[in-house]
**Q** 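Okay, handing you the structure first.
Throughout, residue positions are numbered sequentially from 1 according to the sequence presented.
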Amino acid sequence: MGMHRRRDEPPARAELLNALLAEYSSRPRLTNHLGTGWHMHFRDDNIAPDRQLAALITVGTAVHLTSRGMDRLGRCDADDCARVYADVSRNGRQRFCSARCGNRATVRRHRARRAANYVN
């Protein structure tokens, strides 16, 4: 494969995610800033909302991939959808970003089979 790794391979995913973690997250710490219970923050206080969101998504993705598996991100298999998803299925075989995309793909396959049967 040479010097370039495919982005969907675990080492390449880790490299990209580490760069995002370095940019958006900070050391973890406990906080009860709202008085509603202790929880973890992986970002500095008083940062812009867009950076808060980037930190949340980056750390959440890292936690998901390290706890569920580095292959637990995917791109929707529906022909007309380019969304990505975090695979939360039990068996790690999620193929679509949503039930809606999965159902539409199933209907398309069914209609294509029916049309092929009418031609034959």
Side-chain angles (χ1 to χ4, degrees):
M1 221 188 274
M3 296 291 286
H4 300 287
R5 293 185 193 141
R6 286 182 37 162
R7 295 181 110 178
D8 59 347
E9 292 181 358
R13 285 185 174 185
E15 186 176 313
L16 290 169
L17 195 51
N18 280 334
L20 292 171
L21 286 166
E23 181 171 347
Y24 294 110
S25 66
S26 66
R27 61 177 170 51
R29 66 189 190 302
L30 295 172
T31 183
N32 187 16
H33 61 95
L34 297 176
T36 57
W38 290 97
H39 57 281
M40 297 280 289
H41 272 196
F42 293 89
R43 61 173 173 74
D44 293 327
D45 290 332
N46 303 318
I47 61 173
D50 62 322
R51 293 193 63 83
Q52 287 182 25
L53 184 59
L56 177 69
I57 291 170
T58 302
V59 171
T61 301
V63 169
H64 178 78
L65 292 179
T66 56
S67 63
R68 303 292 299 258
M70 289 298 282
D71 57 343
R72 290 298 197 111
L73 283 181
R75 188 170 302 274
C76 188
D77 272 356
D79 291 336
D80 59 344
C81 184
R83 290 186 186 116
V84 294
Y85 60 85
D87 184 349
V88 295
S89 66
R90 285 186 181 186
N91 63 7
R93 294 185 181 169
Q94 185 172 335
R95 294 180 41 223
F96 300 98
C97 67
S98 66
R100 180 179 179 191
C101 275
N103 290 339
R104 284 194 340 249
T106 300
V107 168
R108 281 191 196 109
R109 282 192 310 273
H110 173 73
R111 288 180 179 162
R113 278 193 307 271
R114 279 186 47 193
N117 288 338
Y118 286 129
V119 171
N120 294 330

**Q** Under the side chain to side chain donor-acceptor pair (under 3.5 Å) test, which residues partner Ser98, sequence neighbours left out?
**A** none
**Q** Which heavy atom in Ala82 sits nearest to a heavy atom in Arg75, and how many Å separate them?
**A** O-NH1, 3.0 Å
**Q** Among pairs that include at least one residue of residues 25-44, which meet salt bridge (charged side-chain N to carboxylate O under 4.0 Å, His left out), considering only residues two or more places apart or in two chains?
**A** Arg29-Asp45
**Q** Please report the closest heavy-atom contact between Leu21 and Ala62, naming both atoms and the distance.
**A** CD1-CB, 4.1 Å
**Q** Measure across Pro28 and Phe42 and return the closest heavy-atom pair with its distance rounded to 0.1 Å.
**A** CB-CE2, 3.3 Å
**Q** So, using side chain to side chain donor-acceptor pair (under 3.5 Å) as the criterion, who are the partners of Asn18 when residues are at least two apart?
**A** none
**Q** Considering only residues two or more places apart or on different chains, which pairs with a residue in residues 100-112 satisfy side chain to side chain donor-acceptor pair (under 3.5 Å)?
**A** Asp80-Arg104, Asp80-Arg108, Thr106-Arg109
**Q** Considering only distance and modelled atom types, tabulate donor-acceptor pairs under 3.5 Å from the side chains of residues 46-59, sequence neighbours left out.
**A**
from, atom 1, to, atom 2, distance (Å)
Arg51, NH2, Glu23, O, 2.7
Gln52, NE2, Ile47, O, 3.0
Thr58, OG1, Ala54, O, 2.7

**Q** Taking only residues two or more places apart in sequence, or in another chain, which ones meet Arg95 in a side chain to side chain donor-acceptor pair (under 3.5 Å)?
**A** Asp77
**Q** Output all residues satisfying ring pair (Phe, Tyr, Trp, His ring centres under 6.0 Å) with His33, sequence neighbours left out; order by chain, then residue number.
**A** His39, His41
**Q** Under the side-chain contact (heavy atoms from CB on, under 4.5 Å) rule, collect the residues that match up with Ser89, sequence neighbours excluded.
**A** Arg72, Asp87, Asn91, Gln94
**Q** Can you name the side-chain contact (heavy atoms from CB on, under 4.5 Å) partners of Leu30, sequence neighbours left out?
**A** Trp38, Met40
**Q** Mind checking side-chain contact (heavy atoms from CB on, under 4.5 Å) for Ala86 and listing every partner two or more places apart, or none if nothing turns up?
**A** His64, Leu73
